[in-house]
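What follows is a single structure, written as structure tokens, with notes after it.
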Amino acid sequence: MTYWLLNAVFLAIVALLAVAAVATHRAPRWRAIAITTGILLVMTAVFDNVMISVGLVGYSPDAISGAFIGVAPLEDFAYAVAAVVALPCLWTLLGKRTSASPDIRPASEDNRA
Amino acid sequence: MIILYLLALLISLTGMVVLDRRFSLFFWRDARRAAIVLAAGVVFFLVWDLFGVGLGIFFRGETDFMTGLLIAPEVPVEEVFFLTLLCYLTMNVYGALTRSSLRASASASASASASASAGTAARHRANSDGSHA
């Protein structure tokens with residue numbers, strides 16, 4: 001099994017979580033997720049390259065696609081993508097039950113602040 | 001040197017906790033939810049790791065920067081702290097971006113401390129005036 005195929009399985013679980021969050025009117029703030037994604041991808045590119053360069057982890061050449069950012073396999077970035085989607089979705093799914101749409105709830109927080 | 005990677009992770013995690021506490025981003029926003037999200041995230045990524053190792057996709061490097069303590073074949077104890085850091089960082093950034101009151105409370109506390117020091121200065125002046133009288 002290749003690294004991409006393994007990632008596909010776990011990213012599918014992440015996608016299911018996102019669908020569940022949207023379906024239950026507990027969608028996370030997608031704009032915040034987009035910005036978080038940018039930050040996490042840059043940090044992953046930097047630190048994954050350091051971690052691989054100093055020899056903390058190795059990869060089987062047969063299992064990876066051969067696409068790299070520096071010395072980091074592109075597949076490694078799936079972890080960051082999964083984190084920035086799955087964790088905020090779980091966070092909102094665990095939030096208080098509300099009949100209001102998630103776009104309205106933060107607005108009321110604004111008013112209180 | 002075998003403690004170096006673990007030490008770097010612990011220092012980074014400490015930074016996450018400090019920021020979380022200062023700006024109420026994750027655990028200081030909702031401790032119950034944060035505990036569940038963090039635990040679920042770390043377990044999820046550990047299972048991902050175990051499949052990656054089990055399928056022979058990646059493996060622990062031979063390096064002097066790690067303790068050599070393993071929680072499973074080819075999974076160093078450092079990986080637990082790395083995944084914790086990944087999850088904590090993600091939720092701190094998301095928390096900072098979604099906490100609409102963050103800027104308001106920060107400026108409020110800044111002005112509060114400013115007025116507090118102004119008050120202190122006023123009291124000092126009053127005291128020194130009093131001592132002169």
What part of [X] gets closer than 4.5 Å to chain B, counting heavy atoms only: side chain, backbone, both or neither?
X	result
A:Ile52	neither
A:Ala86	neither
A:Ile33	both
A:Thr2	backbone

According to a 4.5 Å side-chain heavy-atom criterion applied to Ile, Leu, Val, Met, Phe, Trp and Tyr, with indirect links allowed, do [X] and [Y] form part of one hydrophobic cluster?
X	Y	answer
B:Tyr88	B:Leu10	yes
B:Phe45	A:Ile13	yes
B:Phe81	B:Leu69	yes
B:Val93	A:Val42	no
B:Val43	B:Leu9	yes

Between [X] and [Y], what is the shortest heavy-atom contact and its length?
X	Y	answer
B:Ile36	A:Leu90	O-CD2, 4.5 Å
A:Ser60	B:Gly56	CB-O, 3.1 Å
B:Met66	A:Leu56	CE-O, 3.4 Å
A:Met43	B:Leu89	SD-CD2, 3.7 Å
A:Trp91	B:Ala34	CZ3-N, 3.6 Å
B:Thr98	A:Ala32	CG2-CB, 3.6 Å

Quick check on [X] against chain A: is it the side chain, the backbone, both or neither that has a heavy atom closer than 4.5 Å?
X	result
B:Phe44	both
B:Asp64	neither
B:Glu62	backbone
B:Phe51	both

Roughly how far apart are [X] [atom1] and [Y] [atom2], rounded to 0.5 Å?
X	Y	atom1	atom2	answer
B:Leu86	A:Thr44	CG	OG1	6.5 Å
A:Tyr79	B:Asp49	OH	CG	3.5 Å
A:Leu6	B:Ile57	CG	CD1	4.5 Å

Is any side-chain heavy atom of [X] less than 4.5 Å from a side-chain heavy atom of [Y]?
X	Y	value
B:Phe58	A:Pro73	no
B:Phe59	A:Tyr59	no
B:Phe65	A:Met51	no
A:Phe10	B:Val47	yes

More than 12 non-hydrogen atoms from neighbouring residues, nucleotides or ligands closer than 6.0 Å to CZ on A:Phe77, yes or no?
yes
I'd like to know if the side chain of B:Trp48 pairs up with that of A:Asn7 as donor and acceptor (distance under 3.5 Å, no hydrogens or angles considered).
yes
Starting from the C-alpha separation in whole Å, work towards a yes-or-no answer on side chain to side chain contact (heavy atoms under 4.5 Å, CB included) for B:Thr90 and A:Leu40.
CA-CA 7 Å; B:Thr90 298; A:Leu40 261 289; 3.8 Å; yes
Out of A:Val57, A:Val14, A:Leu87, A:Thr37, return the one with the most heavy atom pairs under 4.5 angstrom to chain B.
A:Leu87
